[in-house]
There are 2 protein chains.
Amino acid sequence: MISQRTKYAIKALIHLAKQEKGVLFTTSSISGNANIPKKFLEQILLDLKRASMVSSVQGAKGGYYLSKDPRKINLADIYRLFDGAVALLPCASEKFYEHCKDCPDEESCSLKWGLMKVREKTFNALKDISIYKLANHK
Amino acid sequence: MISQRTKYAIKALIHLAKQEKGVLFTTSSISGNANIPKKFLEQILLDLKRASMVSSVQGAKGGYYLSKDPRKINLADIYRLFDGAVALLPCASEKFYEHCKDCPDEESCSLKWGLMKVREKTFNALKDISIYKLANHK
DNA sequence: ATAAATCCTACTAACTTGATAGAATTTATG
DNA sequence: CATAAATTCTATCAAGTTAGTAGGATTTAT
């Protein structure tokens with residue numbers, strides 16, 4: 001399951017990607033359009049900014065816009081930003097690897113082996129879905 | 001991420017699958033071998049029993065054994081039993097479907113469409129890994 | 001100067017998770 | 001038949017996470 005944060009982030013990015021580029025959107029307008037609590041969305045947009053997916057203009061008449069080609073923003077990136085590891089256990093993770101305390105020998109752990117296979121397939125599936133695809137679907 | 005419950009369940013099932021069938025294992029012995037807190041494992045084995053993956057013999061000299069062909073127990077089944085939906089949102093789930101309150105039209109929701117594609121790939125990956133494969137790996 | 005906007009930090013209620021505890025029940029065995 | 005060994009069942013709890021709220025500081029167009 002993805003968190004609300006991730007879900008809202010994706011919806012906000014789709015919203016931005018549907019517009020001509022260069023156009024600014026305020027938190028309020030995205031909030032209203034995508035049905036996301038405004039103050040919560042503020043935090044999410046800031047995180048997306050820190051991750052260089054969006055940029056902002058401060059002050060009156062300011063707002064947010066996509067700062068990256070929507071073909072190059074995909075669900076794997078967004079998922080990792082808010083929810084962390086794609087893998088089902090830290091020991092099977094690429095970006096969030098952690099050693100399993102209770103594992104005597106990770107090399108020979110068949111569970112780790114299995115979960116790494118799952119991770120690869122899930123990662124490919126997530127990576128294949130870009131914001132561009134979502135914004136232009138149908 | 002999978003919960004500890006799911007992780008322990010898989011480890012316990014692998015342990016049972018590695019033995020000749022018909023042999024009984026007590027909670028204590030599995031707990032010791034697979035490094036799982038005993039009282040916690042008790043609950044997990046009961047859940048696995050209710051799901052017909054294992055059977056038990058009560059009383060002294062009792063214990064648990066695999067009651068299903070380990071080729072037919074896979075990670076998707078176990079995941080769903082303890083952690084629920086494979087899909088990343090309830091609206092994209094097959095077994096745990098729930099309508100999205102904030103979605104005006106699920107038919108045309110591109111996020112749902114994307115997450116269903118991800119769900120299918122993840123599900124196939126999970127389903128492909130059986131307890132038999134894990135128990136006989138390497 | 002003012003209003004409109006982003007930016008930043010702290011807080012909190014509700015829920016979930018990972019256990020632990022204790023007792024009831026069942027059954028093999030001496 | 002008494003006992004010990006095992007499953008079965010239910011309740012409880014501490015710690016962490018999530019989803020959101022609150023309030024203000026800062027920036028900038030007009």
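We name chains A, B, ... by the order of the sequence lines, and we start the count at 1 in each one. We use all heavy atoms of the structure for the numbers below, so side chains are in, but hydrogens, waters and symmetry mates are not.
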### Query
Does Asn33(A) reach the main-chain N or O of Ser29(A) with its side chain, forming a donor-acceptor pair under 3.5 Å?
yes
### Donor-acceptor pair (no angle test) under 3.5 Å: Lys39(B) side chain, dG22(C) base
yes
### Summary
Asp47(B) CG to dC9(D) P, in whole Å, measures 11 Å
### Nucleotide nearest Pro37(A) (side chain, heavy atoms from C-beta), chosen from dT21(D), dG18(C), dC7(C)
dT21(D)
### Task
For Tyr64(B) and dA5(D), give me the distance from atom OH to atom P, rounded to whole Å.
18 Å
### Query
In terms of the angle between their ring planes, are Trp113(B) and His137(A) parallel, tilted or perpendicular, with boundaries placed at 30° and 60°?
parallel
### Output field: ring centroids Phe40(B)/Tyr8(B) closer than 6.0 Å
yes
### Query
Ser3(A) or Leu46(B): which one's nearest nucleotide on DNA chain D is closer to the 5' end?
Leu46(B)
### Message
In the structure I gave you, are the side-chain heavy atoms of Ile30(A) and Leu16(A) within less than 4.5 Å of one another anywhere?
### Response
yes
### Task
Starting from P on dA6(D), measure out to OH on Tyr65(B) and report it in whole angstrom.
17 Å
### Length of the CZ-P vector between Phe40(B) and dA21(C), whole Å
14 Å
### Task
Starting from C1' on dA28(C), measure out to CD on Gln58(B) and report it in whole angstrom.
13 Å
### Task
Let me know the distance between NZ of Lys38(B) and P of dC9(D), rounded to the nearest Å.
17 Å
### Query
NZ of Lys49(A) versus C1' of dT26(D): gap in Å, rounded?
12 Å
### N or O in side chain of Thr26(B) less than 4.0 angstrom from dA5(D) OP1/OP2
no
### Query
Does Tyr8(B) place a side-chain N or O at less than 4.0 Å from the phosphate oxygens OP1/OP2 of dA19(C)?
yes
### Message
Here's a test of your reading of the structure: between Ala60(B) and Leu45(B), which maps to the more 5' nucleotide of DNA chain D?
### Response
Ala60(B)
### Nearest-Å distance for atom pair CG/C1', residues Leu41(B) and dT8(D)
14 Å
#### Entry: Polar side-chain contact Gln43(A)-dT21(D) base: donor and acceptor under 3.5 Å
yes
### Query
Does a side-chain N or O from Thr27(B) land closer than 4.0 Å to OP1 or OP2 of dT7(D), or not?
yes
### Task
For the residue pair Leu48(A) and Leu81(A), establish whether any side-chain heavy-atom pair is separated by less than 4.5 Å.
yes
### Query
Can you find a side chain N or O atom of Arg50(A) that sits less than 4.0 Å from OP1 or OP2 on dT6(C)?
no
